[in-house]
Every structure is written in structure tokens, then in C-alpha cells.
Amino acid sequence: MKPVVILGVGQSPFGKFPGRSIAALGGAAARAAVADAGIQPSQLQIAYSSRLYADMITGQTVLKEIGVTRIEMVNVENACAGGATAVRSLYKDIAAGYCDVGIALGVESMTTSPIAGKLIPPAKDDLDGQLGMSMPVMFALQAKRLMETHGATAGDFAQVSVKAHEFGAVNPMAQYRKRFTVEEVLGSRMIADPITLLQCCPNTDGAAAVVLCSPEFAARHSGRRSDVQIRASVLVSGDYAYKKPDLTSMELGTRAARLAYEQAGIGPEDLDVVELHDAFASEELVHYEDLGLCKRGEAVSLLRSGATSIGGRIPVNPSGGLLSLGHPLSASGVRNICEIAQQLRGEAGERQVPGAKVGLAQMLGGVATGLETGAATIHIMAI
Amino acid sequence: MTQTVTLREGLYREGSEGPILTGGRCSRCGFIGFPRPQTCLECGSDALESADLGSRGELLCETTVHMRTDKYAAGYSVGYVTMAHGVRVFGQVRKPDATSLAAGESMTVEVARMWEEGDKEVLCYCFRPTAAAAGGAA
């Protein structure tokens, strides 16, 4: 397998833009990524696009906005991991030598989707969904177990959100751009106890895109002294839920992390920065342990130590995460790869993690009766 | 007159002392799952028979949802209950009041209305704290 270079990254503004079409949102991200790559749109050889609340031919609809037609275009869906799945698919094509350069993008208009303003449900004929399961319920039940098994408090969960908004306040692309106190987070409207409104990602419209290429293509086209490379790309699906002893670890997340560290030839102690799925504040604690950022059972003390905050040993979600930056479902998995690339280039502005050289982007997606969850992706990047 | 329909066949059966959850047991390897799968999730055998998971279980965790959905008004509760053979089952939790229930609480299976479709009531299993169920009225 050949190494794969991240040549360009881009995102649209994230927020509530019901008047902006998928083509406009996605086009903004694709245009930004191609410009950042320093290439012409006509040089793209393949495109993978992702969107959960889909209509036909998302990629073609978006890329015609920037003059890209005729090439092979594939449209993928993997719930919140869809965008990262598109990146993974493009990664494989380039690593295998099928093509030299391509674009992966994720786009979502949540405010015009059928679930706008609602709790994200499973497929409509899913048994647990019919009985009241939804994304916040899944993570609220996990949070309840964290309180039993880890001694986590409502204040700990709120602190994850406070941390995300600290970072997001200095990210010009973030939806909230506002700091909150633990008291404000806890005092916001209850959604599914113990999760309050400010511990949930908002409904977000937006898009993100990356241009990936071979090292040879980068050598000819990159204007940078050094480029970010993808050192590991992993996509796994979930196992049956009955195999889980409890709700406080995600087997597929742990499995994806192990495979990614093996591929990259590094361990979690080598990471400088992490972006992960924080659709609901409490789940971040589970991911700390599943990614090996701390030992089993120590997620709460890792959070309380400040290690994952600004200036900490291993800052998590310096973008502001899904909680503050926003969560256009299929865009988020692309967007958090963009964030790590910007961090490693030293181009993250006020939210820059000083000297970051190795970073990890993780996403999760989907819920269905009988499965732990749908998909997990991990990309490890280095410069 | 309101008709009642069952959300899905095969999830429970009526016992002499109330409803009993029913999953599937693999006659080759003994795996027990809920809902009853077409094929054994462990060994792939098609030889599955109905297996009782009992009428009582132990609460693992529950949450109360404060937003309405297409089917439920705000304030409904759901959770996981560990049934016989260690099978973890998701379902609605019908509580006498808004107080959170503790892990380990004994829960009794009931069949209750989930939602209405036109003049039909859709029924399914749910869980009620055994202490409240014994009281009857809650």
C-alpha cells in the first residue's frame, strides 16, 4: 500500500442555514478543499460523497458547482461515520494505486431533513426505535452506567461540554462560538436524563471536504514544505450488542483503535491531539478509554486532571467538537479529519495545539436493534 | 370500539400470571437471544425454538426522555432490563412517578399500549417496577 497525503482540506460554515442547498453547502467545502490543495478541480480523478438524509446523487449535485463532472463518483452512507467512510474509501483507492488524486466530502442539511428538531431515531421499522430508542437515549443510558461504574457525576458530563465550548469559542467556523459554565450546562433543558440540551450537539447544516493524493502527486503539486500523511485508516462495523458485558465501553471503538495503532506503528501515548465523536458530552469519557488515552476506569480522572483541555497533555476536540462546532451528520467525519490536518500543519489559529505532529480522528455512527452500534472509523495522521 | 394489535408477533406470550418475554434458543449450541433471530447468532444454525425469558428481570439503567417523538409524548421512560439467561432487553419503563429507578430494581413485564394508529391501539411489552406492579393501580 502506498502512503496517502492530505493535500487539501475545507469546510463550509456550520450553522442553521435552511435556505442553503446541498449544492451550495457542499460546493463551498469542495471549493475550499481544492483551493487549499492548490490544484484545479479538473485534476480530480474520483469523488466519494456522503449524506445520511439523502436524495439522489449527492456528489454529482455538489461537484457540478465547482466544475467537476464525468469522473467516477460514489455516494456512501454510514450514519455519522459516513463522511469518514468516504475518506476511507478514497484512501483505499489511492493507497492501492487506482488513482492519484481525489476528493471526499460529507454534507448534511439537518434543518431541512425529515428529523429536523427531533431526536435522531433508528430506521423506522426498527424494534428498539419503535419502543423509543434514539441517539440521545442510547448515550443517556450509557451515561447512567458511567455514573454507576465510574463514579461519574452530572458535573463531569457538563465539564466535557464546557471544555468543548472553550475550544469552540475561538474557532471561527463553529456554530456556537460561546463559552458556558458547568451551571449553565446543567441548568439547560433536560433532554434524556442525565443529558441536558447543552450536552447535546446542535442541529447543524454544513459540509466538509478533503483532497487526498499519492506522494508523487503531492511532490508535483504541493506548495508546502511537508504534507500531512494518513498513517492509519480503519473502518469497522459493530458486533451484536449481547456480547457487551456493559454499556460503558464500545467494543467496535476499542477494536478500531487497536487496528489503527497497529497500522500506524504507534501507540496512544504518541498522540498530540484527538478529535472524536462527542454528539453527547458523556460519551467522550467512554472514548478516552476505548482509544487508550487512559487506562480502563480512569476516564473521569483523566477529564478532571485537565489533560484533555486546552494546554493539557492530550487535547481532545480542539475544534469545539460536535458539541460546539456543530454536527452536520455526514460532514463531521470529514470535518474532524480536516481539523487534525490543520492542527498538524500549525494552521489552527487560536485553538492550535502547540507543536502537534501526530493526531487521531474518530467517528461512530448508527443504531439498530441487536447491534452495539453501526460503524466506527479512525484515521491517524502525522506530519 | 378500539381494536388492539401487537407491535410484533413472538416477543411475548401470556402466562398464567401475566406476560412472559420470549426469545429464541438454538437447539444446536444453546445460544439464547431476543428478539428470536431467524438464524443462531453464535453458530449459524437455523434450528431455533422459543425460549421463555421470564416475567421478571433486573433493571440495568433507565432514562426519561423529555422530548416528544412521532409516537410518544414527552416524559416517557425507557431502559434495559436483564432477563433470565442474562438477556438484556430494551423497552419502555412505566414508572409510578418521575423518580429515577436504581440499577438492580426488580422489574415486571407487562403488555401495554404503545401508541394509537387510527382506531387501533398498538400493544407491546414494557417493564414496570415490581413493587408498583404488585400495588396494581400505578
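First the proteins, then the strands, lettered A, B, ... as listed; each starts at 1. Note that this is a predicted model, so its numbers are computed, not measured.
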I need the minimum non-hydrogen distance between [X] and [Y], along with the two atoms involved.
X        : Y        : result
B/Gly79  : A/Leu141 : CA-CD2, 4.0 Å
A/Asp193 : B/Thr63  : O-OG1, 2.6 Å
A/Leu131 : B/Tyr72  : CA-OH, 3.6 Å
A/Ala241 : B/Arg88  : O-NH2, 3.0 Å
A/Asp126 : B/Arg8   : C-NH2, 4.1 Å

Check each atom of [X] against the heavy atoms of chain B and say whether the ones under 4.5 Å are side chain, backbone, both or neither.
X        : answer
A/Met133 : both
A/Lys244 : both
A/Leu127 : both
A/Asp125 : backbone

Chain A: which of B/Leu11, B/Val78, B/Leu41 shares the most heavy-atom pairs with it under 4.5 Å?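 Answer, by heavy-atom pair count under 4.5 Å with chain A: B/Leu41.
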Quick one: which of B/Phe34, B/Phe90, B/Tyr80, B/Tyr76 has the most heavy-atom pairs under 4.5 Å with chain A, could you say?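 Top option by heavy-atom pairs under 4.5 Å: B/Phe90.
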Of the listed residues (A/Lys144, A/Gln130, A/Glu148), which shares the most heavy-atom pairs with chain B below a 4.5 Å separation?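 Sorted descending by pairs with chain B, the first entry is A/Gln130.
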What I'd like to find out is whether the side chain of A/Lys118 reaches to under 4.5 Å of the side chain of B/Asp70, using heavy atoms alone.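 With C-beta onward as the side chain, the pair touches.
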Within the structure provided, determine whether A/Thr369 and B/Pro35 are in side-chain contact (heavy-atom separation under 4.5 Å).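 When only atoms from C-beta onward are counted, B/Pro35 and A/Thr369 do touch, with a gap below 4.5 Å.
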Report the C-alpha distance between A/Ile191 and B/Val65 in whole Å, list the side-chain angles of each, state the deciding distance to 0.1 Å, and finish with yes or no for side-chain contact (heavy atoms from CB on, under 4.5 Å). CA-CA 6 Å; A/Ile191 299 297; B/Val65 183; 5.7 Å; no
Please say whether more than 12 non-hydrogen atoms of neighbouring residues, nucleotides or ligands are located less than 6.0 Å from [atom1] in [X].
X        : atom1 : value
A/Lys243 : NZ    : yes
B/Glu14  : CD    : yes
B/Glu49  : CD    : yes

Less than 3.5 Å apart, any donor N or O on the side chain of B/Glu42 or A/Tyr242 sitting next to an acceptor on the other?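 Distance-only check passes for B/Glu42 and A/Tyr242.
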Under the side-chain contact (heavy atoms from CB on, under 4.5 Å) rule, what do B/Met67 and A/Arg189 come out as? Steps first, then yes or no, please. CA-CA 10 Å; B/Met67 280 179 72; A/Arg189 189 159 61 88; 3.9 Å; yes
Checking heavy atoms, do the side chain of B/Ser77, its backbone, both or neither come under 4.5 Å from chain A?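 Neither part.
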B/Cys61: which of A/Leu146, A/Asp246, A/Leu247 passes side-chain contact (heavy atoms from CB on, under 4.5 Å):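 The single option meeting the side-chain contact (heavy atoms from CB on, under 4.5 Å) with B/Cys61 is A/Leu247.
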